[in-house]
Each structure stands twice: as C-alpha cells, then as structure tokens.
Amino acid sequence: MKKSVFLGALTVAGLAAGAAAAGTLDDVKARGKLNCGVTTGLVGFAAPDANGTWDGFDVGICRAVAAAVLGDPTAVEFVPTTGKTRFTALASGEIDVLARNTTWTFSRDVDLKFDFVGVNYYDGQGFMVPKALGVSSAKDLDGATVCIQTGTTTELNLADFFRSNNISYEPVPIETNAEAQQQYLAGACDVYTTDASGLAATRATFEDPAAHIVLPEIISKEPLGPLVRHGDNEWGDVVRWALNALIAAEELGITSANIAELSAGTNNPEINRILGTEGTLGEMLGLSPDWAKNAIMAGGNYGELFEKNIGASTPIGLSRGLNAQWTDGGLLYTPPFR
C-alpha cells in the first residue's frame with residue numbers, strides 16, 4: 001500500500017513537471033480559454049445554475065483570471081473535480097488552475113509539487129448534526145457515524161480529533177458533497193464533517209435548514225486557495241496577482257460601480273498602477289495594461305464577490321470573520337502593487 005501511494009506521488013510529480021514545461025500562460029492565450037478545476041457542486045462556491053452557467057465565489061476567481069489573461073470573464077471551461085480527481089487533473093495539464101475549496105498543506109505544496117498562489121478563504125473544519133440528535137459539542141459524538149469525503153484533509157483531521165479526545169467513530173466514505181448531503185439527510189450518518197463554509201453552504205440548500213446545527217468546535221486550520229503546478233512561475237504570478245488585485249481593490253475602494261471613473265486616473269498612485277494608467281505592471285506579467293481592471297470588472301472586488309455569493313445576506317449567511325481586510329481585523333493583506 002505504502003509503495004503504491006509513493007509511486008502515485010512520483011507519477012503526479014512527474015506529470016506536473018512535464019505539464020509545467022509547456023508554459024501555461026502561452027497555452028491559455030493560444031487556446032483562447034482557461035480550463036479551471038472546480039468542485040462538483042457546492043452552492044455559493046461553485047455550482048451550475050438552471051441554465052448550466054457556473055456561478056459562485058470560487059468560480060469568480062476563475063473568471064477573474066480569464067478576464068486578466070484573455071479580456072473575457074466567460075472564456076472559461078469549468079471542469080468539475082472530486083477530492084480524489086482534482087490533483088491528477090491539475091498535474092496532468094487537464095486544467096490550468098484548481099479553484100475548489102482546496103486546503104494549502106505542506107505535502108500538497110512540497111510532495112505533490114503544486115504552488116498555492118494565495119488564500120481566498122480562511123476556513124476550519126466543523127461538524128453538522130440534526131438538532132434532534134440533542135448534541136451540543138463535537139466531544140459528545142463518541143460512537144457516531146460520520147459522512148466524510150475521501151482523499152481530503154477533512155478525513156485526516158477527523159481521525160486526529162477523535163483520537164486526541166479518546167472517542168470513536170464509524171466513517172461513512174463519500175466522494176462528493178451531493179452524495180454526502182443525500183446520505184446525511186437519509187440518516188446514513190449521524191454527522192457530516194467538512195470545512196465550516198461547506199457545511200453552511202450545504203445546510204442552506206436543505207428544506208428545513210433550522211433542523212440542523214453546526215457544532216461550535218472548529219478543529220483545524222483550512223486555508224483555501226487556488227493552486228497551479230510547480231515550475232511554471234510565470235503562470236503562478238498571473239493567478240497570484242489576479243487574486244491579489246481583487247483583494248487590493250476592496251482595500252483601496254475600487255468597486256464594479258466606480259472602476260470606470262477611477263480608470264480615468266486618480267491621485268492615488270497605487271490605484272493607477274493597478275488599473276494600468278501608470279507604470280508597466282501588465283507588461284511585467286505578459287498581459288495588457290488593463291489586466292487587473294478586467295479581473296476586477298469580472299465580478300467585482302473581493303468583498304463584492306463574497307457578499308454576492310456567500311455573505312450575510314445570502315442563504316449561506318457567512319460573516320467575514322477572518323476573511324475581513326487586515327484594516328478591519330481580518331487576515332486579508334496583499335503585498336504592494338509597485
């Protein structure tokens with residue numbers, strides 16, 4: 001078993017090195033389309049609507065990158081991936097970037113040969129149970145059956161948590177969020193565990209969300225963000241700074257409503273550099289001067305994307321918390337655009 005896992009990691013690393021050598025930025029430009037890996041469906045983060053159009057917070061990252069590179073936020077092919085298939089899809093070159101609630105960890109960064117370009121959502125793992133179960137703490141879950149997505153950090157955190165608290169559980173392995181939801185609602189498991197944001201998104205789709213509670217314990221750090229293959233630094237820079245542009249835009253007050261006006265020039269040099277009216281940042285990336293303007297216009301700045309898709313006024317109802325700007329006590333902080 002250990003041998004096959006090791007060989008699998010080597011194969012992924014080998015694929016990554018081969019795919020990266022091609023130069024993803026040139027490939028995307030030549031193709032005229034960004035291939036973006038997303039989840040198989042998590043409302044608020046990435047899910048197709050009734051017309052088959054993908055929408056959500058992670059989808060917004062894909063559209064921003066497409067807009068920055070190609071000037072067109074719709075020039076994206078969305079590739080649904082599971083916890084098991086996502087890394088192979090990226091390593092093999094099937095997708096150019098993975099934007100699907102994926103946690104930045106040491107082994108994924110180092111052993112699997114991926115580069116996380118930043119964090120677009122600071123999260124932590126939680127537990128959801130039916131209110132009727134009468135449980136108020138995750139430490140009361142001794143002997144519970146737990147729906148758990150395989151091939152995820154969630155699976156490992158769960159084992160660590162129960163072991164350290166000297167309690168037992170019975171795993172019910174599932175592949176996708178849709179399957180987890182189905183099994184959980186059918187009573188095949190007492191508990192569903194995943195990132196707290198995912199639990200909120202899943203509960204929002206229930207017929208009676210109030211009949212289910214997310215327990216208070218957050219048992220891990222789950223910094224979620226887009227990732228690319230190792231060894232293709234130019235492409236990594238493009239995705240990293242497209243995400244940074246959305247975060248910096250919110251901090252600097254650049255919104256979808258005022259971006260056209262600000263693009264005429266302002267007395268703030270950093271805004272001018274981001275929007276391409278001063279300096280040569282676009283040229284340094286191999287993109288047009290208005291690359292960041294296009295990225296921001298694709299769906300708004302970070303705050304606009306957050307509020308529209310997963311914020312307090314949506315059925316998912318997430319507060320900004322750690323995902324507030326550093327100026328508001330959160331963790332969002334970008335390096336300077338200069």
Side-chain angles (χ1 to χ4, degrees), residues 39-47 56-58 80-86 100-105 108 121-224 310 314-319 321-323:
T39 180
T40 50
L42 182 63
V43 173
F45 284 89
F57 186 64
D58 290 331
T81 63
T82 68
K84 280 185 172 177
T85 65
R86 55 186 163 174
R100 72 164 302 288
N101 313 81
T102 296
T103 304
W104 188 346
T105 70
R108 289 169 178 179
Y121 193 93
Y122 290 94
D123 210 344
Q125 184 174 333
F127 299 90
M128 179 165 63
V129 296
K131 201 175 266 185
L133 203 62
V135 169
S136 59
S137 164
K139 292 175 182 176
D140 301 333
L141 294 175
D142 193 13
T145 52
V146 184
C147 278
I148 180 87
Q149 284 191 53
T150 52
T152 61
T153 54
T154 316
E155 196 174 17
L156 307 174
N157 296 335
L158 179 68
D160 288 351
F161 176 78
F162 275 77
R163 183 178 166 191
S164 62
N165 284 285
N166 203 25
I167 53 178
S168 67
Y169 69 100
E170 188 183 325
V172 179
I174 44 98
E175 290 278 336
T176 65
N177 189 65
E179 188 189 343
Q181 184 171 322
Q182 190 181 359
Q183 296 282 70
Y184 171 77
L185 289 174
C189 53
D190 303 313
V191 189
Y192 180 31
T193 183
T194 188
D195 298 339
S197 65
L199 294 177
T202 301
R203 186 176 66 168
T205 66
F206 290 175
E207 205 170 299
D208 184 9
H212 304 268
I213 57 169
V214 176
L215 298 175
E217 286 87 358
I218 297 294
I219 66 166
S220 68
K221 291 185 296 186
E222 307 292 329
L224 310 177
I310 55 177
T314 69
I316 293 153
L318 294 171
S319 64
L322 295 177
N323 298 291

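A 4.5 Å side-chain heavy-atom check between V135 and L215 finds at least one atom pair inside the cut-off. In this structure, the side chains of E222 and T154 stay at 4.5 Å or more apart for every pair of heavy atoms. When side chains are defined from C-beta on, T193 counts as touching I148, because their heavy atoms get closer than 4.5 Å. Side-chain contact check for C147 versus V172: some heavy-atom pair is nearer than 4.5 Å. Side-chain atoms of V146 and D190, non-hydrogen and from C-beta on, never get closer than 4.5 Å to each other. Within the 4.5 Å cutoff, the side chain of L42 has no heavy atoms near those of the R100 side chain. You'll find the side chain of I174 stays beyond 4.5 Å of the side chain of Y184, heavy atoms only.
Without hydrogens or angle criteria, T150 side chain to P173 main chain gives no donor-acceptor distance under 3.5 Å. Remark: the backbone N or O of K139 is paired with a side-chain donor or acceptor of S137 at under 3.5 angstrom. With hydrogens and angles disregarded, a donor-acceptor distance shorter than 3.5 Å links the side chain of E155 to the backbone of G151. Judged by distance alone, the side chain of E217 and the main-chain N or O of A138 form a donor-acceptor pair under 3.5 Å. Using a distance-only test at 3.5 Å, with no hydrogens or angles considered, a donor-acceptor pair links the side chain of T314 to the main chain of I316. A side-chain donor-acceptor contact under 3.5 Å links D142 to the backbone of S168.
Separation of atoms CG (L224) and CG (D58) is listed at 8.0 Å; rounding is to 0.5 Å. Rounding to the nearest 0.5 Å places CZ of F162 at 4.5 Å from CD1 of I167. Summarising the geometry, atom CD1 belonging to I310 is positioned 4.5 Å from atom CZ belonging to F57; distances are rounded to the nearest 0.5 Å. With rounding to the nearest 0.5 Å, the separation of CG in D195 from CG in N157 is 8.5 Å. Atom CD in Q125 sits 4.0 Å away from atom CD1 in I219 (nearest 0.5 Å). Here the CE atom belonging to M128 is positioned 7.5 Å from the CZ atom belonging to R203, to the nearest 0.5 angstrom.
The shortest heavy-atom contact between A204 and P315 is CB-O, 3.4 Å. R86 and T81 get closest at one heavy-atom pair: CB-OG1, 3.5 Å. Between I218 and G126, the shortest heavy-atom contact is CD1-CA, 4.4 Å. Of all heavy-atom pairs between S136 and P216, the closest is O-CD, 3.3 Å.
Side-chain N/O atoms of Q149 and T194 include no donor and acceptor closer than 3.5 Å. Between the side chains of T39 and N101, no donor N or O sits under 3.5 Å from an acceptor N or O.
The side-chain hydrogen bond (donor to acceptor under 3.5 Å, both in side chains) pairs that include a residue from residues 158-167 number zero, where partners must be two or more places apart or lie in different chains.
Residues Y192 and H212 place their aromatic rings such that the two centres sit no closer than 6.0 Å. For an aromatic pair to be called close, the ring centres must be under 6.0 Å apart, and F127 with Y169 fails this.
Using a 4.0 Å cut-off between charged side-chain N and carboxylate O, E175 and K84 make a salt bridge.
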